[in-house]
Amino acid sequence: MRISELARQAGTTPRALRYYEEQGLLRPARLASGYRHYDEQALRTVRHIQLLLSAGLSTAAIAEILPCIPDDTTVLAPTCPELLDALGEEHARITRAVEGLLAARTILERLMRG
DNA sequence: GTTCTCACA
DNA sequence: TGTGAGCA
């Protein structure tokens with residue numbers, strides 16, 4: 001399928017798909033016309049990308065994690081043990097971010113109480 | 001009509 | 001990431 005079709009099925013925009021490619025997250029084939037060509041697998045990959053982005057991961061981190069996710073799975077399988085360290089860092093980063101937000105919320109609550 | 005690349009305030 | 005230009 002072409003870029004607009006994949007974008008439609010994935011609920012995103014062609015712009016975003018080109019960006020993913022630029023970041024090394026997708027490698028669509030090229031038609032003689034120069035148009036990008038995506039297979040059905042691309043849709044699953046895009047969904048994985050969106051899931052990881054929603055988890056707050058950087059495109060760089062996603063580029064490393066993506067190849068460790070089986071093509072046909074919705075769940076993130078621990079196929080690459082060596083990746084656990086990197087994921088642990090992301091987890092720690094998110095934990096720090098959450099703590100920061102909780103602190104910010106506490107300050108706002110105090111301000112609102114007057 | 002659709003996609004491509006490149007550039008931008 | 002959006003938008004527009006200028007092509008093919």
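All chains are named by letter (A, B, ...) in the order of the sequence lines, taking the proteins before the strands, and each is independently numbered beginning at 1.
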Q: Testing the basics here: between A:Leu53 and A:Ile62, what is the closest heavy-atom pair and its distance to 0.1 Å?
A: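 Nearest heavy atoms, A:Leu53 then A:Ile62: CD2-CD1, 3.5 Å.
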
Q: Are any of the side-chain nitrogens in A:Arg96 or A:Glu99 under 4.0 Å away from the carboxylate oxygens of its partner?
A: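 Salt bridge absent between A:Arg96 and A:Glu99.
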
Q: Tell me the interatomic distance from A:Glu5, atom CD, to B:dG1, atom P, rounded to whole angstroms.
A: 18 Å

Q: For Watson-Crick and G-U wobble pairs within 3.5 Å on both distances, what is DNA chain C written in dot-bracket notation, | included for inter-strand pairing?
A: .|||||.|

Q: Under 3.5 Å, side chain of A:Arg93 to main-chain N/O of A:Gly56, donor-acceptor pair present?
A: yes

Q: What closest approach, in Å, do A:Ser4 and A:Pro14 show between heavy atoms, and which atom pair accounts for it?
A: CA-CG, 4.2 Å

Q: By a strict heavy-atom criterion of less than 4.0 Å, which residues belonging to residues 21-34 of chain A are in contact with DNA chain B?
A: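 Within this stretch, A:Arg30, A:Gly34 sit under 4.0 Å of the strand.
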
Q: Rounding to a whole Å, what distance do you find between A:Leu17:CG and C:dG2:P?
A: 11 Å

Q: The criterion is side-chain contact (heavy atoms from CB on, under 4.5 Å); which residues satisfy it with A:Arg2, sequence neighbours excluded?
A: A:Tyr35

Q: Within the distance-only criterion (no hydrogens, no angle test), does the side chain of A:Gln50 pair as donor or acceptor with the backbone N or O of A:Thr12 below 3.5 angstrom?
A: no

Q: Which pair of non-hydrogen atoms, one from A:Ala10 and one from A:Val46, has the smallest distance, and what is that distance?
A: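 In this case the closest contact between A:Ala10 and A:Val46 is CB-CG1, 3.6 Å.
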
Q: Within the structure, does a side-chain N or O atom of A:Arg36 lie under 4.0 Å from either OP1 or OP2 of B:dT5?
A: yes

Q: Look at atom CZ of A:Arg30 and say whether more than 12 heavy atoms of other residues, nucleotides or ligands are closer to it than 6.0 Å.
A: yes

Q: In this structure, how many angstroms lie between the C1' atom of B:dC6 and the OH atom of A:Tyr19, rounded?
A: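 It works out to 17 Å between those atoms.
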
Q: How does protein reach along nucleotides 3-8 of chain C, written 5' to 3' as B (base within reach of a heavy atom under 4.0 Å), S (only sugar-phosphate), or - (no contact)?
A: B----B

Q: Take a 6.0 Å sphere around CD of A:Gln23 and say whether it holds more than 12 heavy atoms from other residues, nucleotides or ligands.
A: yes

Q: In whole Å, I'd like the distance from the CE atom of A:Met1 to the P atom of B:dT3.
A: 13 Å

Q: Got a sec, which residues hit side-chain contact (heavy atoms from CB on, under 4.5 Å) with A:Ala63, two or more places apart in sequence or on another chain?
A: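 By the side-chain contact (heavy atoms from CB on, under 4.5 Å) rule, A:Ala63 matches A:Leu25.
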
Q: Which residue pairs pass the salt bridge (charged side-chain N to carboxylate O under 4.0 Å, His left out) test with at least one member in residues 54-63 of chain A, sequence neighbours excluded?
A: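 As it turns out, there is no salt bridge (charged side-chain N to carboxylate O under 4.0 Å, His left out) pair with a partner in residues 54-63 of chain A once direct neighbours are skipped.
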
Q: Report yes if a side-chain nitrogen or oxygen of A:Arg18 is closer than 4.0 Å to either non-bridging phosphate oxygen (OP1 or OP2) of B:dC4; otherwise report no.
A: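 Yes, such a contact exists.
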
Q: Starting from P on B:dC4, measure out to CG on A:Leu6 and report it in whole angstrom.
A: 11 Å

